[in-house]
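Everything on this sheet refers to the single structure shown next.
First the proteins, then the strands, lettered A, B, ... as listed; each starts at 1.
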Amino acid sequence: MPMEKTFNAAEAEARISKLWIDQKVGRAGANAKPGAQAFSIMIPPPNVTGSLHMGHAFNNTLQDILIRWHRMRGHDTLWQVGTDHAGIATQMVVERELAKAKAPTRRDMGREAFLAKVWEWKDQSGGTIINQLKRLGASCDWDREAFTMSGNFPDAVIKVFVDMYTKGLIYRGKRLVNWDPHFETAISDLEVENIEVKGHMWHFKYILAGGETYEYVEKDAEGTVTLREKRNYISIATTRPETMLGDGAVAVHPSDARYAPIVGKMVHLPLCDRLIPIITDEYPDPAFGSGAVKITGAHDFNDYQVAKRANLPCYRLMDTRATMRTDGAPYDVAVARAREIAAGSPTTEAEVDSLNLVPEKYRGLDRFEARKQVVADINAAGLAVTVLVKTIDEETGSEALHLEPVVDNKPIMQPFGDRSKVVIEPMLTDQWFVDTAKIVGPALDAVRNGDTVIMPQSGERTYFHWLENIEPWCISRQLWWGHQIPVWYDTEGNHYCAPSEAEAQALAPGKVLTRDPDVLDTWFSSGLWPIGTLGWPDNTPELQRYFPTSALITGADIIFFWVARMMMMQLAVVDQVPFKTVYLHGLVRDAKGKKMSKSLGNVIDPLEIIDEFGADALRFANAAMASLGGTLKMDTQRIAGYRNFGTKLWNACRFAEMNGVWDGHTTATTPPQVTATANLWIIGETAKTLAEVDAALTDYRFDTAADALYKFVWGKVCDWYVEFAKPLFDGPAAAETRATMAWVLDQSMILLHPIMPFITEELWATTGQRAKLLVHTDWPTYGADLITPEADREMAFVTTLIDDIRSARAEVHVAAGLKVDLVATALSPEARAAWGRNDSLIRRLARLDGFSEGPAPKGSITLALDGAAFAIPLAGLIDIAEEKARLSKTMDKLAKEIGGLKGRLNNPSFAASAPEDVVDEAKANLQAREEEAAKLQAALKRLAEIG
RNA sequence: GGGCGGUUAGCUCAGCGGUAGAGCACUACGUUGACAUCGUAGUGGCCACUGGUUCGAUCCCAGUACCGCCCA
């Protein structure tokens, strides 16, 4: 059955994909030669409930290219696939589903029932993204699919926690953390997005205690006094008025002369029956606002630091949902105790945390409602800083002056939860932390000394910058879906860390224990992905074989979340780097460079692209985009272009089929012995392409590899070689040309296979008797010995001649269908040989009729080549003036080139300083250009004689 | 504010010391034993700007402007 005109991607991809999966072509070690080196990649595990987006498609294409390339080379490959349980994300999805189904909420059904629901959801939708990866052509080892909550993974995670705890690398502490009031959990710094929003700055007066006053003096830059007044207050500015209820002090910079008279004095905290001190600290910026800052240790990260330095109590004002506290003693009781503490009464952190200093009227209010109330009450109390405002009564037209509170409208950076999108509240809570400072050293060293290479190099700088300034990592989450923390508490609050309840109990004989309800940050477990998927803590054969892994291909956006943490944790746990090379790429954007987002409506669904253009086209586009460090703009037009590229290859094979190239074809391991120049040449071009592809993939330059293949298949094989073959099929070299074409197209399929696996696998099966699937066919190893320099030179002459004839014909408007004669007016021996050996090719491609040697006939157009000159007699067919113009244009170009070359060569310091080969090249170039110019000059002269 | 990038043809991007490339788009023409998802020819660039290093700079260095991204 003859081949169809185009490749039917939709039909073939499903069939081929099934074939690969059924035959387990991607299983660990498949197609490995005995004693082969290992090559392994861990897939960045997608969220179990996720679906494939362009970023995944891009990322996994690159991994698959590497894996297929190494596998064809006979290396012992493993592409480890799996998914991540994605704590917050998954819990969020399931809670949303429950709400949609009007089912009981998480809290109503309780932990156990809820987790059962999550597992149900996982079983239902967890396979989606894995199946989508299969559509992309990913050749993972599907039998090894891992999940961060299954198999050995939970045990591995627990063991690491216990080990790290035992070594003092994990500790519990009350710290100010980012609190997500929607999920009611702590989150890490990295899970917070700081977004600029419209905010307000309010200015309040805190009145000095005991009726004290001071002289407030403001000076300009020259030291001239601009304001001098008696004040009984200090002015503070805040964007978060509601937190003033928990203030512990007012801070000013030690160098701020304005407040020097009142440092150490007490002020009345408005709306509260408390006095707080004015203290000095380096933190306030004297140039910003009034220069005085209220210090609320429990609700601001900067203030927390100040409070720690000044030993101020940090009073927590809100509950887990960020509403004002309702717990604890009545306000008057709480505040009485707070006054005692302020007066020096001994206290504990736990007691301070238990004191609810929210006045009764604000208790139970949402934080934003509380803000409105506080502002209103401050204004009512006359404690707002005010300004005189003139208003005009519309009816009477009378003007009136009155005081209004100062409220600045200004953009402020506000923290939002990256999942919940609600405003994050700094909150003082007990959490578990990894003491990252203690494990960061080896991770830094490994990259510094090259054990792990990060590419592009800018990623390395980012990595260093972050790790050198690393903060403790909060790893506890107040969620249910995840690895529960292996710590048990007794009734006195002591804790016991052990792998199991029985072992914890053994540490606390006779005590009643309850387990810490919290779970670990998802990234704590995914940080163990490389060893966890290989069976650690058991020393499995896979662990020995494939660890450390060869390469990690991942988005630059998770360098901190994941890459750096995997480095730290693998080094901490097994004392080895997790991977030798890290390849970081950017976010896939739309054609205009915009981030793809649902709200912008510019999301390109990779599955729709696959439906329309085929997976190969998408993959080729991904490879072609993957220049190191470049931005990734996904343009469907470009994908269409690569679909066309596939069609081009398809049709070259179809042409071969029509010409009997595939009759009885079996895979040849070596190229045929040939004599025709065109055949020698294309065999050499194939070898050059192999070298380029190998070099490019070695350097992770997927774009360079794609480019080399595109240029070879389209630009060399299809544009030239297939055309050359047409006349050759009619001559004595027909048999060797068929053999050459079969070999060259086979090689094209092989070399393209890592990037375009489907169409090449299909062609492979269509075009011959094959011992193996293409996916397991040996990658070639031939070298420069297949390149014939003489053939290259000769074909360069032939193609240049054809190009020049075509150009000349087009420029003087010779009808495309018209065959013309060609007269060689000058020929070097090489040119004569080339001309003679390839006349049928030249004749056909340049639409020529007669071939002769001799002087240029009258009314010819002239071509000048390196070592030859030709005339095309066109008497009566062409316009002499047009030909003159054409020659002049070419002359102008040559003259410009000659000018440049002469300029360089005439510069004495060029000859003196430039390398010899550069000088020689310039000289040779100049000579060749001058010869061409002379020929054209002669032609112009002849034209002038005609008229 | 700190860090990391980018600025090359109308668009999207390669190149990164020897005088500029691809794809797409555009224009004209459609002869051809596969391909109109095509062929042939062509148009199009002070390689952001200013200095420096060099015999020579789009490429290296410094600065300026503008645009991104990450972290505060």
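- A:Glu460 and A:Arg448 are not joined by a salt bridge, as no carboxylate oxygen comes within less than 4.0 angstrom of a charged side-chain nitrogen.
- Here, B:C16 and B:C69 have their P atoms 27 Å apart, quoted to the whole Å.
- Ion pairing of A:Arg701 with A:Asp703 is present here, as a side-chain N (NZ or NE/NH1/NH2) and a carboxylate O approach within less than 4.0 Å.
- If you take atom P in B:A48 and the same atom in B:A41, they sit 31 Å apart, rounded to whole Å.
- Following rounding to the nearest Å, A:Lys648 (NZ) and B:C24 (P) show an atom-to-atom distance of 11 Å.
- For A:Glu916, the CD atom sits in a loose shell: 12 or fewer heavy atoms of surrounding residues, nucleotides or ligands are nearer than 6.0 Å.
- Nucleotides B:G42 and B:G33 place their C1' atoms 28 Å apart, quoted to the nearest Å.
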N/O to N/O distances under 3.5 Å, protein versus nucleotides 27-31 of chain B:
residue: B:U31; atom: O2'; partner: A:Arg847; partner atom: NH2; Å: 2.5
residue: B:U31; atom: O2; partner: A:Arg847; partner atom: NE; Å: 2.8

Could you go over nucleotides 51-58 of chain B and give all protein N or O partners under 3.5 Å, atom names and distances?
residue: B:C55; atom: O4'; partner: A:Ser909; partner atom: OG; Å: 3.3
residue: B:C55; atom: O2'; partner: A:Asn907; partner atom: ND2; Å: 2.6

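- Here A:Asp557 lies out of heavy-atom contact (under 4.0 Å) with every strand.
- Looking at heavy-atom distances under 4.0 Å, A:Phe729 makes no contact with the nucleic acid at all.
- Distance check on atom P: B:A20 versus B:G45 gives 13 Å, rounded to whole Å.
- By the 4.0 Å N-to-carboxylate-O rule, A:Glu685 lies close enough to A:Lys688 to be salt-bridged with it.
- Out of B:C38, B:A14, B:G23, the shortest distance to the side chain of A:Tyr710 is found at B:G23.
- Among the protein residues, A:Lys5 comes within range of the sugar-phosphate backbone only, with heavy atoms under 4.0 Å from sugar or phosphate atoms but none that close to a base.
- The nearest pair of heavy atoms linking A:Tyr463 to A:Leu444 is OH-N, 4.3 Å.
- In RNA chain B, consecutive stretches of 3 or more Watson-Crick or G-U wobble pairs with both distances under 3.5 Å are given as paired ranges: B:1-7 with B:65-71, B:10-13 with B:21-24, B:26-30 with B:38-42, B:48-52 with B:60-64.
- Nucleotides B:U58 and B:G51, compared at atom P, are 14 Å apart to the nearest Å.
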